[in-house]
Each structure stands twice: as structure tokens, then as C-alpha cells.
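Counting convention: from 1, in listed order, for ligands and their atoms alike. Everything numeric in this text was worked out from a predicted model, so none of it was measured.
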Amino acid sequence: MKKGAQLYEGKAKKVFLTDDPEVLMVDYKDDATAFNGEKKGTIAEKGIINNRLTNHFMKMLEENGIPTHYIEEISDRETLVKKVSIIPLEVIVRNIAAGSFSKRYGVEEGKSLLSPTLEFSYKNDDLGDPLINEYHIIALGLATREELDIVSEYTFKINDILKNYLIKFGIELVDFKIEFGKTSDGTIVLADEISPDTCRFWDSKTHEKLDKDRFRRDMGGVEDAYWEIMKRILGESK
Ligand code: TMP
């Protein structure tokens, strides 16, 4: 499959056309941003780690009945995916209080939640990705009731599958953000990435942070944390 013109450049990935109109190529960058692009930096080899881990998770989820956009890994940083129109929602699940949830509700980071929570943010950089509820989503035409039901069902299943998978590697899935897209025939599939950029991963014994919070919060040891996840899950070291 030939890499064609660049279609789009996001904060962490570039997307290219291919010679198949139904297929795109994603190219993962080392660029890191936080707080809606206010904080900028790079995390060495993040693009490789996020590409490889995302594909690993997507394959595992497919095997467990979740449709995804994944087609084929082409190189360390490049992957073929189905062309989808992204539903402009950040779909966030939380198992343990952290981040904006802890801040908003005055809950200590690390407190286990009685049940997993689901929330949506409206993907809109100009507005800073505001929290949005299901009535707002439907009223604005961002997704239909039926689409939201499918997204919610897949999302809780993904949480169960990922949480149980990661705990075997001593990793606690604190929370994560996923995105969904629609293929040309209207099928809803998991899209975007699942990586230390988009999940909170804590060591299940020490609760050490092994994710992008180390970058967001200037904690140091960012690359080592990403490599630790890579080593535990894919058995690969720097
Ligand atoms: P939050 O606690 O800051 O709302 O983040 C919840 C989860 O979503 C966390 O795992 C990090 C992830 N996330 C993204 O992937 N992209 C974002 O822009 C933000 C704010 C969070």
C-alpha cells in the first residue's frame, strides 16, 4: 500500500492517504503536549511505543469481539487503519479517582470508585474539550441515541477486557480515553490510540505512575515509564 499525501497532522500523529480510499496510514510522532497544547515537549521514541502498544491492544480487543479501525502495522511508527469519520467525543472511563475527576469532585487521587464511570468530552480544541452530557450530544447531533448506546456498551467491555489483561502485568488501569469512528457503511469501530498518552497506568503494588502524567506534572522519568510499560507488555527493552 503506497503512502500518499498527508491528510492531517494532529498533536501526536500524522495521517496520510493511501492508494485505497478506504484505508489511511497513521504515523506516530514523539511530540507530546498537555493542557490543550499549552505545554509542549518531546518524549524520545514515544511514537514507536504508542504505535506498537496501540496495535497490540487493538488486536487483543478485536479477538475479544470489539470492532476496531486496525488493519496492519507497517513499521515501528506507521499503521494502516480503516478510514472512519471520528465521532467528536473523548470517551473516558474511570476505575480509580485521578486527574480532573479528583479535582472536580474533591476526591483524593487513588480512591477506588464503587463502579466504573463513563463520561464524555466534546472534542473541540477551541473550547478546550469541555465535558458534555448525553442530552447535549444528541441535541447537537454529535451522535444519535443508538450510536451512544453502542459506544457505551463497547466502552465498558473494553474497560473490563483491558483492566483484566493489564493486571497480569502488575498494571492498574486507573482511567483511559478512547475515541470511536464510523466506517463508510456506518459501522462504529474503536479508533485513535490506546497508549500511556491516553491511559493512566499505575504499578499495582507501588502505585507508581507509568504514563503521561509524568510529563504533564513534570515528574521526570517519562521515557523510562513508557519503556516500563513496553517491557511488561511486549517484553521489549530500550
Ligand atoms: P483527566 O483526568 O485529565 O480528565 O483524564 C482522564 C483520562 O483521559 C486520562 O487517562 C488521560 C486521558 N486524556 C487524554 O487522553 N487526552 C486528553 O486530552 C485528556 C485531558 C485526558
Have a look at Glu119, Glu179, Lys177 and point out the one with the heavy atom closest to atom 14 (C) of ligand 1. Lys177
Do Leu89 and Val151 have side chains that approach each other closer than 4.5 Å (heavy atoms only, starting at C-beta)? no
List ligand 1 atoms under 4.0 Å from Gly99, heavy atoms only on the residue side. 2 (O)
State whether a side-chain donor-acceptor pair under 3.5 Å links Asp197 with Ser195. no
Protein non-hydrogen atom found under 4.0 Å from atom 12 (C) of ligand 1: yes
Check whether the side chains of Asn55 and Asn51 place a donor and an acceptor atom closer than 3.5 Å, and report yes or no. yes
Tell me which protein heavy atom sits closest to atom 1 (P) of ligand 1, plus the residue, atom name and distance to 0.1 Å. Ser100 OG, 3.3 Å
Exactly one of Lys11, Arg77, Lys40, Lys46 clears salt bridge (Lys or Arg N to Asp or Glu O under 4.0 Å) with Asp30, and that residue is Arg77
Which atoms of ligand 1 sit under 4.0 Å from any heavy atom of Phe176? 10 (O)
Quick one: are Thr54 and Thr79 in side-chain contact, heavy atoms under 4.5 Å? no
Are side-chain N/O atoms of Ser100 and Arg94 paired as donor and acceptor at under 3.5 Å? yes
For the residue pair Thr68 / Glu62, report whether a side-chain donor-acceptor contact shorter than 3.5 Å exists. yes
Closest to atom 6 (C) of ligand 1 (judged by heavy-atom distance), picking from Arg200, Lys11, Lys212, Glu109: Arg200
Out of Thr33, Asp175, Ile92, who is nearest to atom 9 (C) of ligand 1 when you count heavy atoms only? Asp175
Starting from atom 18 (O) of ligand 1, what is the nearest protein heavy atom, named by residue and atom, and what distance separates them? Glu90 OE1, 3.9 Å
At the 4.0 Å heavy-atom cut-off, does Arg216 count as touching ligand 1? yes
In terms of side-chain heavy atoms, does Asn159 have a donor or acceptor partner in Asn95 at a distance below 3.5 Å? yes
Under 4.0 Å from ligand 1, counting heavy atoms only, is it the side chain of Ser121, its backbone, both or neither? neither
Looking only at distances, can you tell me whether any N or O atom of Arg94, backbone or side chain, sits closer than 3.5 Å to an N or O atom of ligand 1? yes
